[in-house]
Every structure is written in structure tokens, then in C-alpha cells.
Amino acid sequence: MYYAVKTERANTQKYIDSMNRGMRGKIVSYQELLNSTDCEKVTFMGVLRGTNLVYNWAKQNKKDFYYIDRPYWGESRGTPYWMRCVKNEHVKTFVEDRPDDRYKKYYKGDPIKPYHKNGKYVLVVPPSHSMALHFGAPNWLEDTLKILKASTDRELIVREKPYNPKSFIDEQGRMLPGPSENKQPERPFEWDQVHAVVTFNSSITIKALHNGVPCFSNFENPCGSICESDFSKIETPVYKDREPVFYSLAYGQFTQEEFRNGWALSILDGR
């Protein structure tokens, strides 16, 4: 049986409804899914309000799951309602050999800029409270800054996620969002001044690499295959081809209609 877990939020339930239509499954609560005995595949969105339990349950029981979250790029709150979806992962960490058609058709930004090597500071982007809690990385920022300070004399600028609720685990084991802590307002960066981006799993790597900035990441990241994972090598970043990764990611996010008509599921299942 294929299941789709409710989001418990009216403005995001439409993505689950669309994916469920393509899967021809059954929409259930997270409690119903955890108590099921006939689940073959499950789709859900995010790791809040019980879906953190679904994520861990699917991993532990080796069930195929389709994880939905905000897109790598594009608009999720308006037509055509882009969302990323990856099978059995939090983000798409592998690179498929895909054509450039979807990337060139739907990505409306500036051309990919050549790498530059004249940046002045290191941009450090820690995991959100929710990601740090879910993936067990409460000390990531402290540990990372310690490594970087021992490895470079460049200025280190920390950028917290602007909307960053301090999540907590309730008595049922659900992760719930607490109050938001806006430690730093969102602002545009002068990418030509950034030597490198260092992050946990943030998709800021996509924007940075697009703007010619090399990246470091030591956890599941959509650009992990072209990032350096050893933060002590901050002065010697890697400069790898970005196009294959971007083309692959374009086949890892879908419109609401692509969820609904089953095309997204066929791509995710490799059919």
C-alpha cells in the first residue's frame, strides 16, 4: 500500500494531495502511518509535526519514502508550485546524467559565472534549528568555527536562516516549531567578495556555486559532490564543473501538475 502523510497545514497539504494522486495511495495521519503493517511506500513533507517520526520510521524499516520540501530554486508559493522531491534522502545527493532541457527552460537567473579566487571572507551557514535537531548536529556551528579559525585568517561571517524557529521535541516524539529567532536579517551578498561558503546541508550552495563561489559541506547537500568536505582545507577549495549537478537537480524538483499526473513518481523511480 502507498501512503501519503498529512502535513496538518492547509497551505502545504496541496503538495501531498498532488503526489498522492500520482501515487494512487491513501492519505493518512502520521500516527496511522506509524501503526500500519502494509506500507510499501510513503510520501511526506518536511520534518515537523510528526513527519520527523515518519522519516526515522521509514529509514529504520527500510521503506521507500519520497521526501518533499522547498525547491532548490523557483517559486513554491505560486503557480506552477515548485517543490523538490527525493527518494530515500533529505536532498538529492547523487548526480544523474540528465540533459540540460529542464534547467535551461525553467531556471530564469543569470548565466553561471566563472569561479573567482579573490574573495575576502568566508560565509558560514549553519543548519536551522530543525535540521540540527533532526540530524543530531547541535554543535555544528561551534565545531566548524573552531576548525576555520585554526585554518584561515580570513573574516568569518555567520549567516543564520532568517526564519529559524527554535524547534523542540514534544512528549510524543514529534518535532514542533517554537518561536522564530531572527538573528540576522536576510540580505543580498556581494558574491565576488566571498572566498567560500561553508555549510551543513543548506542549498545556499546552489546560489553560491552559480555565482562562482566554491563551497564546503560535511553533510547531505544537493551540491555535495562538488564541495570539499574537509573544513581545514578552507584555503584550498575545489573548483569542479557545476552544470552536471544543476542539470541533475532540475530533475529533482517538480510542479504540482507533475506530481499529480505521476510524472514525478516515474522520474524518482527511474522508470
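A quick note: this is a predicted structure, and the numbers were derived from the prediction, not measured.
Arg84 places a side-chain N or O within 3.5 Å of a backbone atom of His90 that can act as its donor or acceptor partner. With hydrogens and angles ignored, the 3.5 Å screen pairs a side-chain donor or acceptor of Asn261 with a backbone N or O of Trp263. Using modelled atom types, one side-chain atom of Glu32 and one backbone atom of Ser29 make a donor-acceptor pair closer than 3.5 Å. Within the 3.5 Å criterion, the main-chain N or O of Pro71 finds no donor-acceptor partner in the side chain of Gln253. Distance alone, capped at 3.5 Å, is enough to place a donor-acceptor pair between the Lys92 side chain and the Ser248 backbone. A side-chain donor-acceptor contact under 3.5 Å links Thr51 to the backbone of Gly46. Checked by atom type and distance alone, the side chain of Lys63 pairs as donor or acceptor with a backbone atom of Cys39 at under 3.5 Å.
For Tyr55, there are no side-chain hydrogen bond (donor to acceptor under 3.5 Å, both in side chains) partners two or more places apart in sequence or in a different chain. Qualifying ring pair (Phe, Tyr, Trp, His ring centres under 6.0 Å) partners for Tyr72, counting only residues two or more places apart in sequence or in other chains: none. Every side-chain hydrogen bond (donor to acceptor under 3.5 Å, both in side chains) that Arg260 has, sequence neighbours left out, goes to Glu257. With sequence neighbours excluded, the residues satisfying side-chain hydrogen bond (donor to acceptor under 3.5 Å, both in side chains) with Arg70 are Ser76. Checked against side-chain hydrogen bond (donor to acceptor under 3.5 Å, both in side chains), Tyr81 has no partners two or more places apart in sequence or in another chain. For the salt bridge (Lys or Arg N to Asp or Glu O under 4.0 Å) test, residues two or more places apart in sequence or in another chain that qualify with Asp100 are Lys104. Residues passing the ring pair (Phe, Tyr, Trp, His ring centres under 6.0 Å) test with Trp57, sequence neighbours excluded: none.
Here Val238 is tied to no hydrophobic group at all, with no ILVMFWY side chain closer than 4.5 Å. The hydrophobic cluster containing Phe168, built from Ile/Leu/Val/Met/Phe/Trp/Tyr side-chain heavy atoms closer than 4.5 Å, also comprises Leu176.
Under the 4.5 Å side-chain contact rule for hydrophobic residues, Ile112 and Trp191 do not share a cluster. Linking ILVMFWY side-chain heavy atoms closer than 4.5 Å, directly or via other members, places Ile27 and Tyr30 in two distinct hydrophobic clusters. No continuous path of ILVMFWY side-chain contacts below 4.5 Å connects Tyr239 to Phe216, so the two sit in separate hydrophobic clusters. In the hydrophobic clustering of ILVMFWY residues, with side-chain heavy atoms under 4.5 Å counting as a link, Tyr251 and Tyr103 come out apart.
For the residue pair Asn118 and Asp192, no side-chain donor N or O sits within less than 3.5 Å of a side-chain acceptor on the partner. Defined by atom type and a distance below 3.5 Å, a donor-acceptor pair is present between the side-chain atoms of Gln256 and Ser18. Remark: the Asn221 side chain and the Thr205 side chain contain an N/O donor-acceptor pair separated by less than 3.5 Å. For the residue pair Asp69 and Tyr15, no side-chain donor N or O sits within less than 3.5 Å of a side-chain acceptor on the partner.
Residues in residues 223-237 take part in these side chain to side chain donor-acceptor pair (under 3.5 Å) pairs, two or more places apart or across chains: Thr152-Glu235, Arg154-Glu235, Asp230-Ser232. Within the structure, the side chain to side chain donor-acceptor pair (under 3.5 Å) test picks out the following pairs touching residues 140-149 (sequence neighbours left out): Trp140-Asn218. Applying the ring-ring contact (aromatic ring centres under 6.0 Å, His included) test to pairs two or more places apart or on separate chains, those with a residue in residues 31-51 are Phe44-Phe65, Phe44-Tyr67.
The shortest side-chain heavy-atom distance between Met23 and Thr43 falls under the 4.5 Å cut-off. Under the 4.5 Å side-chain criterion, counting only non-hydrogen atoms from C-beta, Pro214 is not in contact with Lys117. Side chains of Val91 and Asn201 form no contact here, defined as non-hydrogen atoms less than 4.5 Å apart. Looking at heavy atoms from C-beta onward, Leu141 lies in side-chain contact with Glu160 at the 4.5 angstrom threshold.
Figure legend: cation-pi geometry between Arg242 and Tyr247 absent, as NZ or CZ is not positioned both under 6.0 Å from the six-membered ring centre and within 45° of its axis.
Heavy atoms only, all atoms of each residue included: Arg159 and Pro126 are closest at O-CD, 3.3 Å. The minimum heavy-atom distance linking Asn20 with Lys26 is given by the pair OD1-N, 3.2 Å. Considering every non-hydrogen atom in both Gly74 and Trp82, the closest pair reads CA-CD1, 4.3 Å. A pairwise comparison of heavy atoms in Lys207 and Asn211 identifies O-ND2, 2.8 Å as the closest pair. In this structure, Ile204 and Leu123 approach most closely via the heavy-atom pair CD1-CD2, 4.1 Å. A pairwise comparison of heavy atoms in Ser217 and Phe231 identifies N-CE2, 3.8 Å as the closest pair.
Under 4.0 Å is where a charged nitrogen must lie from a carboxylate oxygen, and between Glu8 and Lys6 no such pair does. Between Arg102 and Glu258, at least one side-chain nitrogen of the basic residue sits less than 4.0 Å from a carboxylate oxygen of the acidic one, meeting the salt-bridge criterion. Using a cut-off of 4.0 Å between Lys/Arg side-chain N and Asp/Glu carboxylate O, Asp101 and Lys105 are scored as not salt-bridged. The pair Asp269-Lys41 meets the salt-bridge criterion, with a side-chain N (NZ, NE, NH1 or NH2) lying under 4.0 Å from an Asp/Glu carboxylate O.
Within a 6.0 Å radius of CG in Asp153, other residues, nucleotides and ligands contribute 12 heavy atoms or fewer. Counting non-hydrogen atoms of neighbouring residues, nucleotides and ligands closer than 6.0 angstrom, the NZ atom of Lys59 exceeds 12 such neighbours. Asp97 CG: 12 or fewer foreign heavy atoms inside a 6.0 Å radius.
Atom CD1 in Ile157 sits 11.0 Å away from atom NZ in Lys120 (nearest 0.5 Å). Taken to the nearest 0.5 Å, the CE atom of Met45 stands 7.5 Å off from the CD1 atom of Ile16. Considering CG of Asn164 and CE of Met131, their distance stands at 10.5 Å, rounded to 0.5 Å.
Close placement of the Trp73 and Tyr107 rings is indicated, their centers lying within 6.0 Å of each other.
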Start with the C-alpha distance between Val28 and Ser36, add both sets of side-chain angles, then the distance that settles side chain to side chain contact (heavy atoms under 4.5 Å, CB included), and finish with yes or no.
CA-CA 10 Å; Val28 296; Ser36 69; over 6 Å; no

task = Check the pair Arg9, Leu48 against side chain to side chain contact (heavy atoms under 4.5 Å, CB included), reporting the backbone distance first and the verdict last.
result = CA-CA 11 Å; Arg9 298 180 70 203; Leu48 294 174; over 6 Å; no

